[in-house]
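The first residue of the sequence shown is numbered 1, and numbering continues consecutively from there.
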Amino acid sequence: MKKILLSLTLFLSFAVLYAADFAYIAKQDGLTVYIDITELKTKPKKGDIFKLVEKEESLKNHKGEDLGTVFTYGGVFTITEVQPKFAVGTLKEKYASKSAQKAVLFEEAAAPVVQPVTAEKADAKTPALFRSTPINDILISARMADVYGDGKKLVALNEKNEIKVFSLEDKTFKEVETLRLPSSRKAFYLSAFDAKKSGADQLFIVVQDVKAETINTLVIEAKDGKLKQTQSLRWAVATADEPQGRKLYSQEIYKHNGLKTGPVRELLYNNKFEVSKEKLPASAEASVFAFLNFNVDEDNEKDTLLTMPSGSLYMYPAEGKRVDFGSDYSFAAAPKRIVINNVFYKILPPIAAFNDGGKNTVVALENIPKIAILSDSFASFKGTKVRYFRYNEMAFEEVRVIELPAIAFDMSYGELAGHKGIIMPLVYENGKTVLELY
């Protein structure tokens, strides 16, 4: 019964979605039909299968509210030829259509088989300044960090709930240490920053208590050469890479009539961790995972950059109106997400900024869903676009875009193998990760 209800729900949803997207019978000659495609949003392809609509009925609930449209179908035909304004199809069996009868896409032609790009073939097209050999693991968050006080190493969080430290030898990362986190705490984000000014970075691991559904951050430090948890913070904590350096920000994420988030605040350390009292512009709308606060337009006033859950990227200047990066982008497609109180919460991809030749450059990740029609509803992606922007006279201009055939779970700005740039753990189709710098 549950399967039947699920099928009906999906059917009705798609019926509403495509209610106005029909082709129309223009002529029939035996088993050959000619259809008007001028009102279709997407031009059909050879091999697409259409169904002819014989009857449609509006479905209403007990309150008289419209729930969608139910269709009854008749003949089925396959597209054999496509012209600018009409297409030709062949009916599967004898059927007498009517002039202007509606036809709706039932099944798209199979896409040509494309071999996935594996980690071993990653260097075919993308101009990385550094590319590691493949790491046989799925790394969902990573930073270059000096955790032992003896030089920077790769510190990463994998999907198995483990923190791993790697040393770099030529282009190969060698595992140094692994710390497995308790199964009751599901980790999903890693940051590194020497907030205590101890000479070694502390690790900030954002976790979800699986039973209580609470979000907090574990502070991990090296003690006697081994990683150990030294503290737990009640906020979600993340670093932000800004032109003046790395900062630490915090935000409360909690259950309350669903899910609530508090404002983003800078996190300070003075013998203990405490939240700054300084209010930041638009911080109540922000996600701590995609937030920057620095002087973007060089007017000696700090501005706020943030990604909205809708996918828009905005700048809120210290004074003046909000600046939109443009409606052609969607920066909220998130491979990482959690569930709190039956509400999906996306871990938005981070944004970063650095100074390049005297110009502030902002970088954002746009993950590309495998099935565009479902957006990123099921967190299934086929690649990533890395977009670079510069601020120029009250607007942002895109100055570079890099298309990658892998999923970018995370991003940071730093130095690696003698280069400075954007560092990403890129997960390829074969389940291996390559650390790349652009």
Chemist: Using atom types as modelled and distance alone, determine if a side-chain donor or acceptor of Asn367 lies under 3.5 Å from a backbone N or O of Ala333.
Modeler: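 Checking the backbone N and O of Ala333 against the side chain of Asn367, a donor-acceptor pair under 3.5 Å is found.
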Chemist: Taking it one step at a time, do Leu305 and Val296 satisfy side-chain contact (heavy atoms from CB on, under 4.5 Å)?
Modeler: CA-CA 9 Å; Leu305 289 175; Val296 179; 4.1 Å; yes
Chemist: Please identify each residue that fulfils salt bridge (Lys or Arg N to Asp or Glu O under 4.0 Å) with Glu301, with sequence neighbours left out.
Modeler: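 Once residues adjacent in sequence are excluded, Glu301 has no partner under the salt bridge (Lys or Arg N to Asp or Glu O under 4.0 Å) criterion.
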Chemist: List the atom of Val206, the atom of Ala236, and the distance in Å for their closest heavy-atom pair.
Modeler: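 Val206 and Ala236 have their closest heavy atoms at CG1-CB, 4.0 Å.
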Chemist: Any heavy-atom pair between the side chains of Leu157 and Leu139 that's under 4.5 Å?
Modeler: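 Side-chain contact under 4.5 Å: no.
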Chemist: Could you give me the CA-CA distance, side-chain angles and deciding distance for Val323 and Phe396, then say whether side-chain contact (heavy atoms from CB on, under 4.5 Å) is met?
Modeler: CA-CA 8 Å; Val323 181; Phe396 283 93; 3.8 Å; yes
Chemist: Check whether more than 12 heavy atoms from other residues, nucleotides or ligands sit under 6.0 Å from atom NZ of Lys279, and answer yes or no.
Modeler: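 Counting neighbours around NZ of Lys279, 12 or fewer heavy atoms of other residues, nucleotides or ligands fall under 6.0 Å, so no.
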Chemist: Return the CZ to OH distance between Phe289 and Tyr249, rounded to the nearest 0.5 Å.
Modeler: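 So the gap between those two atoms works out to 15.0 Å.
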Chemist: Could Lys336 and Phe188 be counted as a cation-pi pair, given that NZ or CZ must be under 6.0 Å from the ring centre and within 45° of the axis?
Modeler: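 So Lys336 doesn't make the cation-pi contact.
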Chemist: Going by an N to O cut-off under 4.0 Å, is there a salt bridge joining Asp201 and Lys152?
Modeler: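 No.
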Chemist: Any side-chain heavy atom of Glu252 within less than 4.5 Å of one from Arg234?
Modeler: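 Of all side-chain heavy-atom pairs linking Arg234 with Glu252, at least one is under 4.5 Å.
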Chemist: Applying salt bridge (Lys or Arg N to Asp or Glu O under 4.0 Å), can you list everything that pairs with Asp150, at least two apart in sequence or on another chain?
Modeler: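 Salt bridge (Lys or Arg N to Asp or Glu O under 4.0 Å) list for Asp150, sorted by chain: Lys153.
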Chemist: Is there a donor-acceptor contact under 3.5 Å linking the side chains of Asn293 and Thr304?
Modeler: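 A donor-acceptor contact under 3.5 Å links the two side chains.
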Chemist: If you look only at pairs with a residue in residues 175-188, which of them pass as a side chain to side chain donor-acceptor pair (under 3.5 Å), with sequence neighbours excluded?
Modeler: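 Passing the test, one end in residues 175-188: Tyr148-Glu177, Glu162-Arg180, Lys164-Glu175, Glu175-Thr178, Arg185-Asp209.
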Chemist: I'd like to know if Lys45 and Asp48 make a salt bridge, using a cut-off of under 4.0 Å between side-chain N and carboxylate O.
Modeler: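 Salt bridge flag = yes for Asp48 with Lys45.
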Chemist: Has Glu366 got a side-chain atom pairing as donor or acceptor with Ser330's backbone, closer than 3.5 angstrom?
Modeler: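 Answer holds: yes.
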Chemist: Say whether, by atom type as modelled, one donor and one acceptor occur between the side chain of Gln202 and the main chain of Val219 under 3.5 angstrom.
Modeler: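 Side chain of Gln202 to backbone of Val219: no pair is present.
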Chemist: Just jot down the salt bridge (Lys or Arg N to Asp or Glu O under 4.0 Å) partners of Glu213, sequence neighbours excluded, or say none.
Modeler: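 Glu213 satisfies salt bridge (Lys or Arg N to Asp or Glu O under 4.0 Å) with Lys255 only.
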Chemist: Are Phe354 and Lys359 side-chain neighbours, meaning at least one heavy-atom pair lies under 4.5 Å?
Modeler: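 Contact flag for Phe354/Lys359 side chains = no.
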Chemist: How about Pro349 and Phe331: do any of their side-chain heavy atoms sit closer than 4.5 Å?
Modeler: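 A side-chain contact under 4.5 Å is absent here.
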Chemist: Over 60° means perpendicular and under 30° means parallel, so classify the ring planes of Tyr316 and Tyr314, tilted if in between.
Modeler: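 Geometry flag for Tyr316 against Tyr314: perpendicular rings.
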Chemist: Under the side-chain hydrogen bond (donor to acceptor under 3.5 Å, both in side chains) rule, what do Glu436 and Tyr438 come out as? Steps first, then yes or no, please.
Modeler: CA-CA 7 Å; Glu436 304 187 12; Tyr438 293 87; 2.4 Å; yes
Chemist: If you measure from OG on Ser276 to NZ on Lys247, what distance do you get to the nearest 0.5 Å?
Modeler: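 Interatomic distance, Ser276 OG to Lys247 NZ, rounded to 0.5 Å: 10.0 Å.
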Chemist: Under a 4.5 Å cut-off applied to non-hydrogen side-chain atoms, are Met144 and Leu154 in contact?
Modeler: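 With C-beta onward as the side chain, the pair touches.
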Chemist: CG/Leu40 to NZ/Lys85 distance, rounded to the nearest 0.5 angstrom?
Modeler: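 With rounding to 0.5 Å, CG (Leu40) is 14.5 Å from NZ (Lys85).
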Chemist: Would you call Glu397-Arg390 a salt bridge at under 4.0 Å N-O?
Modeler: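 No, Glu397 and Arg390 are not salt-bridged.
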Chemist: Less than 4.5 Å apart, any side-chain heavy atom of Phe325 and any of Arg387?
Modeler: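 Phe325 does not reach Arg387 side chain to side chain.
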Chemist: Which atom pair, heavy atoms only, marks the closest approach of Ser250 to Trp235?
Modeler: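 For Ser250 versus Trp235, the nearest heavy atoms are CB-CB, 3.8 Å.
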Chemist: List in chain and number order the residues that pass ring pair (Phe, Tyr, Trp, His ring centres under 6.0 Å) with Phe294, two or more places apart in sequence or in another chain; answer none if no residue qualifies.
Modeler: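 With sequence neighbours excluded, Phe294 shows a ring pair (Phe, Tyr, Trp, His ring centres under 6.0 Å) to no residue whatsoever.
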Chemist: So Phe204 and Phe273, would you call those rings parallel, tilted or perpendicular, with 30° and 60° as cut-offs?
Modeler: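 Perpendicular, since the angle between the ring planes exceeds 60°.
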Chemist: Taking atom types as modelled and ignoring hydrogens, do the side chains of Ser141 and Asp410 form a donor-acceptor contact shorter than 3.5 angstrom?
Modeler: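 Their side chains do contain a donor-acceptor pair, which is all the 3.5 Å distance test asks for.
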Chemist: For Ile79 and Pro44, work out which heavy atoms get closest and say how close.
Modeler: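 Minimum heavy-atom separation between Ile79 and Pro44: CG1-CB, 4.5 Å.
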Chemist: Among Val237, Leu348, Val264, exactly one meets side chain to side chain contact (heavy atoms under 4.5 Å, CB included) together with Val288. Which residue is that?
Modeler: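 When side chain to side chain contact (heavy atoms under 4.5 Å, CB included) is applied between Val288 and each of Val237, Leu348, Val264, only Val264 qualifies.
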Chemist: Yes or no on side-chain contact (heavy atoms from CB on, under 4.5 Å) for Ile351 and Val363, after CA distance, side-chain angles and deciding distance?
Modeler: CA-CA 6 Å; Ile351 51 180; Val363 185; over 6 Å; no
Chemist: Please give me the minimum heavy-atom distance between Thr239 and Arg143, naming the atom from each residue.
Modeler: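 Where Thr239 meets Arg143 most closely, the heavy atoms are OG1-NE, 3.9 Å.
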Chemist: If you measure from CE on Met411 to OG1 on Thr384, what distance do you get to the nearest 0.5 Å?
Modeler: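 Answer rounded to 0.5 Å: 10.5 Å.
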Chemist: Once rounded to the nearest 0.5 Å, what's the spacing between atom CZ of Arg322 and atom CE of Met315?
Modeler: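 Taking CZ in Arg322 and CE in Met315, the distance rounds to 11.5 Å.
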Chemist: Is a side-chain N or O of Gln208 found less than 3.5 angstrom from the main chain of Val339, in a donor-acceptor match?
Modeler: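 The answer is yes, because a donor-acceptor pair under 3.5 Å joins these two groups.
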Chemist: Does any non-hydrogen side-chain atom of Asp303 lie less than 4.5 Å from one of Asn295?
Modeler: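 They are in contact (side-chain heavy atoms under 4.5 Å apart), so the answer is yes.
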Chemist: Distance alone, cut at 3.5 Å: any donor-acceptor contact between the side chains of Asp356 and Thr361?
Modeler: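 The answer is no; no qualifying pair exists.
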Chemist: So Tyr388 and Ile422, side-chain contact (heavy atoms from CB on, under 4.5 Å) or not? Walk me through it.
Modeler: CA-CA 10 Å; Tyr388 293 68; Ile422 296 299; 3.9 Å; yes
Chemist: Show the numbers, then the answer: is there a ring pair (Phe, Tyr, Trp, His ring centres under 6.0 Å) between Phe389 and Tyr329?
Modeler: CA-CA 12 Å; Phe389 299 89; Tyr329 313 113; 5.3 Å; yes
Chemist: So, do Pro309 and Lys346 sit near enough that their side-chain heavy atoms are less than 4.5 Å apart?
Modeler: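 No; the side chains remain at least 4.5 Å from each other.
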Chemist: Checking Glu429 against Lys382 for the salt bridge (charged side-chain N to carboxylate O under 4.0 Å, His left out) test, could you report, in this order, the C-alpha distance in whole Å, the side-chain angles of both residues, the deciding distance, and whether it holds?
Modeler: CA-CA 8 Å; Glu429 284 278 358; Lys382 62 182 179 181; over 6 Å; no
Chemist: Taking all non-hydrogen atoms of both residues into account, name the closest pair between Gly149 and Ala200 and its distance.
Modeler: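 In this case the closest contact between Gly149 and Ala200 is N-CB, 3.8 Å.
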Chemist: Look up atom CG in Leu313 and atom OG1 in Thr307, then write down how far apart they are to the nearest 0.5 Å.
Modeler: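 Result: 4.5 Å between the selected atoms.
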Chemist: Kindly give the heavy-atom pair with the smallest separation between Ala238 and Ser191, and that separation in Å.
Modeler: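 Result for this residue pair: CA-OG, 3.4 Å.
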Chemist: Would one find more than 12 heavy atoms of other residues, nucleotides or ligands at under 6.0 Å from atom NZ of Lys60?
Modeler: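 Count over threshold, so yes.
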Chemist: Sequence neighbours excluded and cut-off under 3.5 Å, please list the side-chain donor-acceptor pairs for residues 165-174, or say none.
Modeler:
residue: Thr172; atom: OG1; partner: Thr133; partner atom: OG1; Å: 3.1

